[in-house]
Amino acid sequence: MKLLILSSLCMLFSVSVCFSQDTITKRSGEDMRVKVLEVNQSDIKYKKYDNLEGPTFSLLKSEIVMIRYSNGTRDMFIDEPKNVELKPYDKYSREDLYHLGQSDASKHYKGYKGAGGGTLITGLVSPLLGLIPAITCSTTTPKDSNLNYPSAELMNKPDYFNGYTKKAKSIKSGKVWKNWGIAFGVNLVAVLVLTASGQ
């Protein structure tokens with residue numbers, strides 16, 4: 001019995017550790033798991049999450065789209081011209097369109113709520129049963145009707161479309177697994193409370 005409680009606590013701790021890291025999203029689309037130490041005027045200093053005792057690294061802000069902190073807050077680093085008329089989308093580079101798609105998905109995509117809510121409810125009934133919608137929802141690309149993109153004209157551009165849908169899928173997957181983790185934690189606490197009260 002003590003072994004069950006100890007292993008359950010270890011699993012709960014490992015689930016909470018998964019959500020206690022910062023994530024830097026680079027303009028290339030790469031997500032880096034880190035611990036951000038400083039955000040300066042032109043650069044960001046961080047340590048790799050799997051080596052917190054190791055060296056301190058830095059990245060220029062111009063290489064970064066966003067930082068998601070472990071507490072759920074975000075810093076966006078999108079260069080938006082001020083008081084300048086935007087150029088037509090046809091003149092944007094392929095890379096600019098891709099990053100614009102990712103940025104717009106971060107702002108506009110909210111279609112994960114059905115998948116996240118379904119996973120949470122099913123996971124509260126049974127964490128094992130909750131794995132079915134969690135795996136299914138996190139591996140599928142969001143439906144076009146759920147993307148909530150701001151411009152159909154932009155969505156017709158392949159690089160923008162790829163950036164937007166990739167980021168939307170990443171957001172959806174993160175929300176689904178977060179909700180499954182919450183459901184698992186609630187079930188674990190309920191089992192521990194029931195076990196402790198039964199003795």
Side-chain angles (χ1 to χ4, degrees), residues 1-26 29-37 39 44 46-54 57 65-76 102 105-148 164-199:
M1 186 57 169
K2 289 181 182 181
L3 181 62
L4 174 67
I5 292 173
L6 182 60
S7 62
S8 298
L9 287 175
C10 287
M11 285 183 70
L12 181 62
F13 176 72
S14 64
V15 167
S16 68
V17 166
C18 289
F19 297 111
S20 65
Q21 63 210 9
D22 301 329
T23 303
I24 294 177
T25 302
K26 294 175 68 175
E30 175 188 1
D31 281 340
M32 299 170 47
R33 309 287 183 227
V34 301
K35 177 63 182 164
V36 174
L37 303 174
V39 178
I44 292 163
Y46 67 93
K47 289 191 179 270
K48 292 183 178 178
Y49 191 75
D50 58 358
N51 188 11
L52 293 175
E53 301 299 318
F57 296 92
V65 174
M66 173 177 55
I67 300 175
R68 286 186 306 271
Y69 297 100
S70 59
N71 65 2
T73 61
R74 298 177 184 199
D75 280 341
M76 300 292 290
Q102 288 200 319
S106 295
K107 294 176 192 171
H108 300 285
Y109 176 66
K110 304 288 186 244
Y112 57 81
K113 293 180 180 177
T119 300
L120 179 64
I121 291 168
T122 308
L124 288 171
V125 172
S126 167
L128 289 177
L129 191 59
L131 280 173
I132 296 169
I135 292 169
T136 303
C137 292
S138 67
T139 56
T140 57
T141 303
K143 293 179 185 175
D144 189 50
S145 59
N146 292 336
L147 288 175
N148 195 33
Y164 194 101
T165 54
K166 182 179 178 183
K167 190 64 173 181
K169 182 177 179 182
S170 173
I171 292 168
K172 176 183 171 185
S173 179
K175 296 293 184 177
V176 163
W177 285 109
K178 180 179 179 181
N179 284 358
W180 182 84
I182 291 168
F184 178 81
V186 168
N187 275 285
L188 182 63
V189 169
V191 166
L192 292 175
V193 168
L194 290 173
T195 303
S197 66
Q199 290 181 347

**Q** Locate the shortest heavy-atom distance separating Tyr109 from Tyr164; write the atom from each residue and the value.
**A**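 The answer is N-OH, 3.7 Å.
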**Q** Minimum heavy-atom separation for Val34 and Tyr46, please, with both atom names.
**A**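 Looking at all heavy atoms of both residues, the shortest contact is CG1-CD1, 3.4 Å.
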**Q** Taking all heavy atoms of Val176 and all of Cys137, pick out the closest pair and write down the distance.
**A** CG2-CB, 3.9 Å
**Q** Per the side chain to side chain donor-acceptor pair (under 3.5 Å) rule, what does the pair list look like for residues 127-141, sequence neighbours excluded?
**A**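 For residues 127-141: Ser138-Trp177, Thr140-Lys172.
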**Q** Can you name the closest pair of heavy atoms from Trp180 and Thr119 and give their distance?
**A** CB-CG2, 3.8 Å
**Q** Checking Asn148 side chain against Lys110 main chain: does a donor-acceptor pair fall under 3.5 Å?
**A**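 No; zero donor-acceptor contacts below 3.5 Å.
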**Q** Could you check Asn179, Val186, Ile182 and say which one makes a side-chain contact (heavy atoms from CB on, under 4.5 Å) with Leu124?
**A** Val186
**Q** Look up atom NZ in Lys178 and atom OG in Ser173, then write down how far apart they are to the nearest 0.5 Å.
**A** 13.5 Å
**Q** Provide the closest heavy-atom pair for Gly54 versus Lys47 in the form atom of the first, atom of the second, distance.
**A** O-NZ, 2.5 Å
**Q** Name all residues meeting the side chain to side chain contact (heavy atoms under 4.5 Å, CB included) criterion together with Leu129; count only those two or more places apart in sequence or in a different chain, and write none if there are none.
**A** Thr122, Ser126, Ile132
**Q** Between Tyr69 and Asp22, is any pair of side-chain heavy atoms under 4.5 Å apart?
**A** yes
**Q** Roughly how far, to the nearest 0.5 Å, is CE of Met32 from CD1 of Ile67?
**A**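 Answer for the CD1-CE pair, Ile67 versus Met32, is 10.0 Å.
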**Q** Go through the structure and list residues passing side chain to side chain contact (heavy atoms under 4.5 Å, CB included) with Arg33, not counting sequence neighbours.
**A** Gln21, Thr23, Asp31, Tyr49, Arg68
**Q** Are the side chain of Lys166 and the backbone N or O of Gln102 linked by a donor-acceptor pair below 3.5 Å?
**A**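 Between the backbone of Gln102 and the side chain of Lys166 there is no qualifying donor-acceptor contact (under 3.5 Å).
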